[in-house]
Peer 1: 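This structure is in structure tokens; I'll ask about it shortly.
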Amino acid sequence: MYSKGRKTITDIQNAVENGLIPPEFTPKQVNSALKINYGGTFLPKHRVNNPGNNTELFIRLRKGLYKLNN
């Protein structure tokens, strides 16, 4: 994964650990907490069983709701 992606996952992990976003989160919550605009593509791209075989960083609980894959 490229450095922007590494920083994003680290930022999401830190935001969950520090209570800035809940353990189960939406792309909108990630965007707001991290001041980014690509949560809606980043989370599904890196979900478990993603079609692109990208790193599996998140578990999709239902459409639009994710949690960390740890």
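Below, each value reflects all heavy atoms present in this structure, side chains not excepted, and no hydrogens, waters or symmetry copies.
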Peer 1: For residues Ile9 and Leu20: do they belong to one hydrophobic cluster (side chain heavy atoms under 4.5 Å, members Ile, Leu, Val, Met, Phe, Trp, Tyr)?
Peer 2: no
Peer 1: Grab the two heavy atoms, one from Leu34 and one from Ala15, that are nearest each other, plus how far apart they are.
Peer 2: CD2-CB, 4.4 Å
Peer 1: Determine the minimum heavy-atom distance between Gly39 and Pro44, stating which atoms define it.
Peer 2: O-CD, 3.9 Å
Peer 1: Which distance, rounded to the nearest 0.5 Å, do you find between the CD1 of Ile36 and the NZ of Lys7?
Peer 2: 9.5 Å
Peer 1: Any idea which heavy atoms bring Leu43 and Thr26 closest together, and the distance?
Peer 2: CD1-C, 4.2 Å
Peer 1: Just grab all the salt bridge (charged side-chain N to carboxylate O under 4.0 Å, His left out) pairs involving residues 13-42, residues at least two apart or on different chains.
Peer 2: none
Peer 1: Give a yes or no on whether Ile21 and Ile59 share a hydrophobic cluster (residues Ile, Leu, Val, Met, Phe, Trp, Tyr; joining criterion: side-chain heavy atoms under 4.5 Å apart).
Peer 2: no
Peer 1: Report the distance from atom CZ of Phe25 to atom CD1 of Ile12, rounding to the nearest 0.5 Å.
Peer 2: 5.5 Å
Peer 1: If I compare all heavy atoms of Val16 with all of Pro23, which pair ends up nearest, and what's the gap?
Peer 2: CG1-CA, 4.1 Å
Peer 1: What closest approach, in Å, do Thr55 and His46 show between heavy atoms, and which atom pair accounts for it?
Peer 2: OG1-ND1, 2.9 Å
Peer 1: Tell me which donor-acceptor pairs under 3.5 Å the side chains of residues 60-70 have, and how far apart each pair is, sequence neighbours excluded?
Peer 2:
{"unit_1": "Asn69", "atom_1": "ND2", "unit_2": "Glu56", "atom_2": "O", "d": "2.9"}

Peer 1: Can you tell me how far the CG atom of Asn31 sits from the CG atom of Asn37, to the nearest 0.5 Å?
Peer 2: 6.5 Å
Peer 1: Please state whether the rings of Tyr38 and Phe42 are parallel, tilted or perpendicular, taking 30° and 60° as the class boundaries.
Peer 2: perpendicular
